[in-house]
Amino acid sequence: SGPSAGGCISEGLSYLTDRGSVFVKINHKSQAKRMFDGEMASLDAILRTETVRVPKPMKVIELHTGGSAFAMEHLDMTGLTKYSSQLGENLANLHLHNKRRLDQQMREQQTVGKGAGQSESPLVERFGFHVATCCGYLPQENEWQDDWVMFYSRHRLQHQLDMVEKSYGDREAMELWSQLQLKIPQMFVDVAVSPALLHGDLWGGNVGQTAEGPVIFDPASFYGHSEYELGIAAMFGGFGRAFYSAYHENVPKAPGFSRRNQLYQLFHNLNHWNHFGGGYRGSSIRIMKDLVK
């Protein structure tokens with residue numbers, strides 16, 4: 001065994017086994033199994049699309065000392081440098097994968113006598129995910145919804161603001177939220193949102209590269225609006241011009257993109273406020289004030 005990188009939530013170690021190198025994440029919190037089950041389901045869903053490389057998940061193990069461990073394929077990775085453009089293209093293909101298959105199914109159904117066929121990943125027509133996934137250590141509400149604006153407002157923003165109210169009783173945040181809720185539908189007028197499989201926590205610390213190409217890891221997946229993915233990417237940086245131009249060549253920006261990008265950054269600011277405390281209050285309030293103007 002040898003040292004390997006850990007994150008701000010779990011510690012990680014690599015082991016050389018008779019089946020190759022294995023990376024094991026360990027977390028001693030009581031809710032670790034739920035967190036790792038969500039990550040395993042996320043990696044599995046992304047893997048099945050065959051669009052962007054992720055570590056192959058192996059097994060979640062409950063520890064007799066409390067907490068859980070999560071074993072996955074070990075990849076020799078460095079920071080993302082020369083594969084930014086390829087990552088942009090691969091991520092676009094991940095986001096388009098479900099829509100392309102839905103379009104294909106529609107075409108096949110219009111052809112008499114043609115069956116839908118079998119495929120590795122399911123066809124998804126709603127927003128959500130089949131298990132809870134955690135962005136950090138807090139579980140996300142992934143209950144399926146037909147409407148994206150409803151899903152994002154209720155299961156992402158409202159859920160975070162309920163936690164803010166419970167922990168901090170922040171009156172200004174709640175007053176701004178009551179105004180912002182009414183504005184959100186206007187940001188999606190004439191925007192067609194198709195359920196896209198998302199990584200869900202795509203900041204610079206969750207991407208890397210091997211000798212062969214780019215890798216993404218530590219996902220918190222669900223089916224949502226592809227633009228959501230670029231909220232935390234913009235918030236923390238680490239993605240250069242080559243990444244964005246390759247991505248938008250495949251998924252062009254829709255009208256109102258920059259305003260919705262702020263809306264998607266709001267979730268991550270609130271989530272960081274709930275994880276790490278009041279240091280993220282200022283940015284959360286500022287975004288809400290900007291959006292209610």
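These values consider heavy atoms only, across backbone and side chains, with no hydrogens, waters or symmetry-generated copies.
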>> If we ignore hydrogens and angles and just use 3.5 Å, is the side chain of His199 paired with the main-chain N or O of Phe217 as donor and acceptor?
In response: yes
> Is it true that Glu172 and Lys289 make a salt bridge, defined as a side-chain N closer than 4.0 Å to a carboxylate O?
Replying inline: yes
>> So Gln209 and Gln86, do their side chains get closer than 4.5 Å, heavy atoms only?
In response: no
> For Gly128, does its backbone N or O pair with a side-chain atom of Gln145 as donor and acceptor, under 3.5 Å?
Replying inline: no
> Does a side-chain heavy-atom distance below 4.5 Å link Thr49 with Leu197?
Replying inline: yes
>> Please tell me whether Ile232 and Ile216 are part of a single hydrophobic cluster in this structure, the criterion being side-chain heavy atoms less than 4.5 Å apart.
In response: yes
> Is it true that a side-chain atom of Asn206 and a backbone atom of Asp201 form a donor plus acceptor pair closer than 3.5 Å?
Replying inline: yes
> Would you call the rings of Tyr228 and Phe267 parallel, tilted or perpendicular, where under 30° means parallel and over 60° means perpendicular?
Replying inline: tilted
> How about Val54 and Met72: do any of their side-chain heavy atoms sit closer than 4.5 Å?
Replying inline: no
>> Are the side chains of Pro219 and Glu39 in contact, using a 4.5 Å heavy-atom criterion?
In response: yes
> So, do Phe127 and Tyr152 have ring centers that fall under 6.0 Å from each other?
Replying inline: no
> What closest approach, in Å, do Pro214 and Tyr83 show between heavy atoms, and which atom pair accounts for it?
Replying inline: CD-CB, 3.8 Å
> Do Val191 and Arg260 touch side chain to side chain, with heavy atoms closer than 4.5 Å?
Replying inline: yes
> So, do His268 and Phe236 have ring centers that fall under 6.0 Å from each other?
Replying inline: no
>> Which label fits His272 and Phe276: parallel for a plane angle under 30°, tilted from 30 to 60°, or perpendicular past 60°?
In response: tilted
> Which atoms form the tightest heavy-atom contact between Arg126 and Pro195, and what is the distance?
Replying inline: O-CB, 3.4 Å
> Does Leu75 belong to the same Ile/Leu/Val/Met/Phe/Trp/Tyr cluster as Val22, with side-chain heavy atoms less than 4.5 Å apart forming each link?
Replying inline: no
> What are the two closest non-hydrogen atoms of Val60 and Ser68, and how far apart are they?
Replying inline: CG1-CB, 4.5 Å
> Is the side chain of Arg34 donor-acceptor paired with the backbone N or O of Ala132 at a distance under 3.5 Å, no angle test?
Replying inline: no
> Rounded to the nearest 0.5 Å, how far apart are CG of Asn271 and SG of Cys134?
Replying inline: 10.0 Å
> Side chains of His95 and Leu230: does their closest heavy-atom pair fall under 4.5 Å?
Replying inline: no
>> Working note: Thr210 + Asp76, criterion side-chain contact (heavy atoms from CB on, under 4.5 Å); need CA distance, chi angles, decisive distance, verdict.
In response: CA-CA 6 Å; Thr210 65; Asp76 281 322; 5.8 Å; no
> Would you call Pro57 and Leu47 a side-chain contact if the rule is heavy atoms closer than 4.5 Å?
Replying inline: yes
>> As an exercise, state the distance from CE of Met235 to CG of Leu266, rounded to the nearest 0.5 Å.
In response: 9.5 Å
>> Between Asn274 (side chain only) and Leu270 (backbone N and O only), is there a donor and an acceptor less than 3.5 Å apart?
In response: yes
> Charged N to carboxylate O below 4.0 Å: is that the case for Asp290 and Arg286?
Replying inline: no
> What do you reckon, are the aromatic ring centroids of Phe151 and His225 less than 6.0 Å apart?
Replying inline: no
> So, Asn98 side chain and Val124 main chain: donor-acceptor pair closer than 3.5 Å or not?
Replying inline: yes
> To the nearest 0.5 Å, how far apart are OG in Ser167 and CH2 in Trp273?
Replying inline: 9.5 Å
> Parallel, tilted or perpendicular for Tyr137 and His275, by the 30°/60° rule?
Replying inline: perpendicular
> Would the number of heavy atoms belonging to other residues, nucleotides or ligands and lying under 6.0 Å from CD of Gln158 be above 12?
Replying inline: yes
> Under 4.5 Å between side-chain heavy atoms, hopping through other hydrophobics if needed: is there a path connecting Leu87 to Val215?
Replying inline: no
> Any idea which heavy atoms bring Lys29 and Asn27 closest together, and the distance?
Replying inline: N-OD1, 2.8 Å
> Looking at CH2 of Trp177 and CG of Asp162, how far apart are the two atoms once the value is rounded to the nearest 0.5 Å?
Replying inline: 9.5 Å
>> Is there a side-chain contact between Met35 and Ser10 in this structure, where contact means two heavy atoms from C-beta onward sitting under 4.5 Å apart?
In response: yes
> Checking side-chain hydrogen bond (donor to acceptor under 3.5 Å, both in side chains) for the pair Gln179/Glu175: CA distance, chi angles, key distance, verdict?
Replying inline: CA-CA 7 Å; Gln179 296 171 55; Glu175 284 172 1; over 6 Å; no
>> Can you tell me how far apart OH (Tyr223) and CH2 (Trp148) are? Round to the nearest 0.5 Å.
In response: 13.5 Å
>> Between Glu165 and Met174 (side chain of the first, backbone of the second, donor and acceptor by atom type, cut-off under 3.5 Å), is there such a pair?
In response: no
> After noting the C-alpha distance and the side-chain angles of Thr51 and His97, does the key distance pass the side-chain hydrogen bond (donor to acceptor under 3.5 Å, both in side chains) rule?
Replying inline: CA-CA 8 Å; Thr51 55; His97 182 262; over 6 Å; no
>> Walk me through whether Val164 and Arg281 qualify under side-chain contact (heavy atoms from CB on, under 4.5 Å).
In response: CA-CA 10 Å; Val164 164; Arg281 179 189 185 273; over 6 Å; no
> Do you know which two heavy atoms are closest between Ala41 and Val131, and how far apart they sit?
Replying inline: CB-CG2, 3.6 Å
>> Which heavy atom of Ser221 sits nearest to which heavy atom of Asn142, and what is that distance?
In response: O-ND2, 4.1 Å
>> Please report the interatomic distance CG(Leu94) to CD(Glu50), rounded to the nearest 0.5 Å.
In response: 12.5 Å
> Which is it for Glu125 and Leu102 under the side-chain contact (heavy atoms from CB on, under 4.5 Å) test, yes or no, and what are the steps along the way?
Replying inline: CA-CA 8 Å; Glu125 298 181 70; Leu102 288 169; 3.6 Å; yes
> Which is it for Lys56 and Leu43 under the side-chain contact (heavy atoms from CB on, under 4.5 Å) test, yes or no, and what are the steps along the way?
Replying inline: CA-CA 7 Å; Lys56 291 187 182 76; Leu43 288 171; over 6 Å; no
> Hey, is Lys99 close enough to Asp103 for a salt bridge, meaning N to O under 4.0 Å?
Replying inline: yes
>> Using the salt bridge (Lys or Arg N to Asp or Glu O under 4.0 Å) criterion, which residues pair with Arg156? Sequence neighbours excluded.
In response: none
>> Using the rule that Ile, Leu, Val, Met, Phe, Trp and Tyr join whenever any side-chain heavy atoms are under 4.5 Å apart, tell me whether Leu16 and Met77 fall into a single cluster.
In response: no
> Met150 and Val193: same hydrophobic cluster, using ILVMFWY side-chain contacts below 4.5 Å?
Replying inline: no
> Between Phe239 and Phe243, what is the ring plane arrangement, given parallel below 30°, perpendicular above 60°, and tilted in between?
Replying inline: tilted
